[in-house]
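Remarks on the structure that follows.
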Amino acid sequence: MKALLLIDIQNDFLPGGALAVQKGDLVIPIANQLMGKFKHVIASQDWHPKDHSSFKTTWPVHCVQGSHGAEFPETLHTDRIEKVIKKGEHKEVDSYSAFFDNDHQTETELLEYLREQKIDALFVMGLATDYCVKFTVLDALDQGFKVYVITDGCQGVNVGRGDAEKALKKMRQKGAKLVHSSDSRFSRPQV
């Protein structure tokens with residue numbers, strides 16, 4: 001069983017948002033196009049308390065629980081999303097992966113949900129390639145899932161030059177398959 005996993009397609013990560021990913025809005029039409037091709041569509045959502053520790057050390061204030069920035073954009077077809085996985089809720093530790101907090105001590109609902117649904121393959125896309133997508137993909141591989149990264153459905157932060165390309169290379173080296181939304185496997189529904 002396969003699922004489409006949308007990573008952090010939220011207002012604060014889109015152009016004009018608090019932690020904008022350049023061209024982040026380009027992933028929305030790809031997500032909308034692909035959602036109809038999957039029986040299972042799951043989305044992760046950064047959901048930080050307003051005093052999250054990363055706001056003091058790493059990132060600007062973003063995706064605060066209940067804020068407009070934390071919401072999915074109106075242009076994303078959220079009615080097709082069957083499950084939303086909130087992450088980054090713990091004040092003292094960040095959570096790039098949709099599976100675990102960065103210290104790997106706290107697990108989100110994702111792994112349990114995937115096992116309940118008997119999902120063994122994930123098609124992953126979203127924001128940002130070099131952070132939340134990368135860490136989600138690496139954790140998914142570690143948990144034994146087949147993982148496909150929809151490359152044109154991802155955009156990177158690129159804090160360092162070429163970070164997104166390096167992230168894709170690392171995901172591929174660890175066992176993820178890199179695919180494009182025009183791949184023939186997406187030409188029929190319910191993959």
Side-chain angles (χ1 to χ4, degrees), residues 1-10 13 21 24 26-47 72 76-89 94-102 104 106-157 164-191:
M1 187 71 71
K2 300 172 176 69
L4 178 65
L5 180 56
L6 308 176
I7 303 298
D8 300 359
I9 303 176
Q10 295 168 259
F13 296 128
V21 175
L26 297 182
V27 307
I28 297 169
I30 296 167
N32 288 340
Q33 168 203 332
L34 292 179
M35 280 193 260
K37 308 291 185 183
F38 288 84
K39 182 178 177 184
H40 297 283
V41 179
I42 303 161
S44 69
Q45 186 177 31
D46 247 10
W47 198 248
F72 297 120
L76 185 68
H77 297 166
T78 55
D79 57 314
R80 296 182 185 163
I81 298 170
E82 69 181 45
K83 179 76 172 169
V84 176
I85 304 295
K86 293 190 182 325
K87 63 188 188 67
E89 297 180 272
D94 212 345
S95 186
Y96 296 153
S97 170
F99 286 94
F100 301 98
D101 282 347
N102 288 358
H104 271 240
T106 306
E107 189 178 317
T108 69
E109 300 175 84
L110 182 56
L111 187 57
E112 182 180 355
Y113 185 75
L114 295 173
R115 289 184 174 148
E116 284 172 1
Q117 300 300 318
K118 298 184 174 21
I119 293 165
D120 59 4
L122 294 171
F123 288 76
V124 184
M125 59 166 291
L127 304 171
T129 314
D130 36 353
Y131 286 93
C132 298
V133 171
K134 177 178 85 171
F135 286 98
T136 298
V137 165
L138 296 178
D139 280 345
L141 291 166
D142 284 346
Q143 294 301 317
F145 292 93
K146 292 177 191 165
V147 183
Y148 302 83
V149 180
I150 304 165
T151 56
D152 59 318
C154 299
Q155 293 291 333
V157 176
E165 285 304 314
K166 290 174 192 168
L168 288 171
K169 182 177 179 183
K170 181 168 187 174
M171 289 183 269
R172 188 178 64 242
Q173 287 171 340
K174 292 287 186 177
K177 303 235 183 320
L178 305 186
V179 298
H180 192 274
S181 65
S182 64
D183 190 303
S184 62
R185 78 182 77 224
F186 300 125
S187 62
R188 56 195 182 281
Q190 306 297 313
V191 297

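All residue numbers in this chain count up from 1 along the given sequence.
With a 4.5 Å cut-off on side-chain heavy atoms, Glu82 and Phe38 do not count as touching. Residues Phe13 and Asp46 are in side-chain contact: their nearest non-hydrogen atoms beyond the backbone lie under 4.5 Å apart. Val137 places none of its side-chain heavy atoms less than 4.5 Å from the side chain of Lys174. Looking at Leu111 and Asp139, their side chains never come closer than 4.5 Å, going by heavy atoms from C-beta outward. Here the side chains of Val149 and Lys134 are not in contact, with every heavy-atom distance at 4.5 Å or above. The side-chain heavy atoms of Leu6 and Met125, taken from C-beta on, include a pair separated by under 4.5 Å.
Checking side-chain atoms of Asp101 against main-chain N and O of Thr106 turns up no donor-acceptor pair under 3.5 Å. Between the side chain of Ser44 and the backbone N or O of Ile85 there is no donor-acceptor pair closer than 3.5 Å. The main-chain N or O of Asn102 is never found under 3.5 Å from a side-chain atom of Ser95 such that the two would form a donor-acceptor pair. Within the 3.5 Å criterion, the main-chain N or O of Ser181 finds a donor-acceptor partner in the side chain of Asp152. Counting only distance, with no hydrogens or angles, the side chain of Thr136 and the backbone of Ala98 share a donor-acceptor pair below 3.5 Å.
Rounding to the nearest 0.5 Å places NZ of Lys177 at 9.0 Å from CZ of Arg185. To the nearest 0.5 Å, atoms CD (Glu109) and NZ (Lys86) are separated by 9.5 Å. Going from atom CG of Asp94 over to atom NZ of Lys87 covers 7.5 Å, rounded to the nearest 0.5 Å. Taken to the nearest 0.5 Å, the CD1 atom of Ile150 stands 9.0 Å off from the CG atom of Asp183.
Closest of all the heavy-atom pairs between Leu141 and Ala176 is CD1-N, 3.8 Å. Leu76 and Ala31 get closest at one heavy-atom pair: CD1-CB, 3.9 Å. Nearest heavy atoms, Ile81 versus Met35: CG1-SD, 4.2 Å. Across every non-hydrogen atom of Thr129 and Ala164, the tightest pair is CG2-O, 3.8 Å. Closest non-hydrogen pair, Leu110 versus Leu5, comes out as CD2-CD2, 4.1 Å. Here the shortest heavy-atom pairing between Ile9 and Gly126 reads CG1-CA, 4.2 Å.
For Gln117, the CD atom sits in a packed shell: over 12 heavy atoms of surrounding residues, nucleotides or ligands are nearer than 6.0 Å.
With sequence neighbours excluded, the residues forming a side-chain contact (heavy atoms from CB on, under 4.5 Å) with Leu26 are Lys23, Gln155, listed by chain and number. Taking Ala140 as the reference, Phe99, Leu122, Phe145, Val147 meet the side-chain contact (heavy atoms from CB on, under 4.5 Å) condition, with sequence neighbours excluded. In terms of the side-chain contact (heavy atoms from CB on, under 4.5 Å) criterion, residue partners of Phe135 (sequence neighbours excluded) are, by chain and number, Tyr96, Ser97. With sequence neighbours left out, the ring-ring contact (aromatic ring centres under 6.0 Å, His included) criterion links His180 to no other residue. Looking at residues two or more places apart in sequence or on another chain, you find a side-chain contact (heavy atoms from CB on, under 4.5 Å) between Glu116 and Glu112, Tyr113.
Using cut-offs of 30° and 60° for the angle between ring planes, the Tyr148 and Phe123 rings count as parallel.
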Under 3.5 Å donor-acceptor pairs involving side-chain atoms of residues 165-173, not counting sequence neighbours:
none

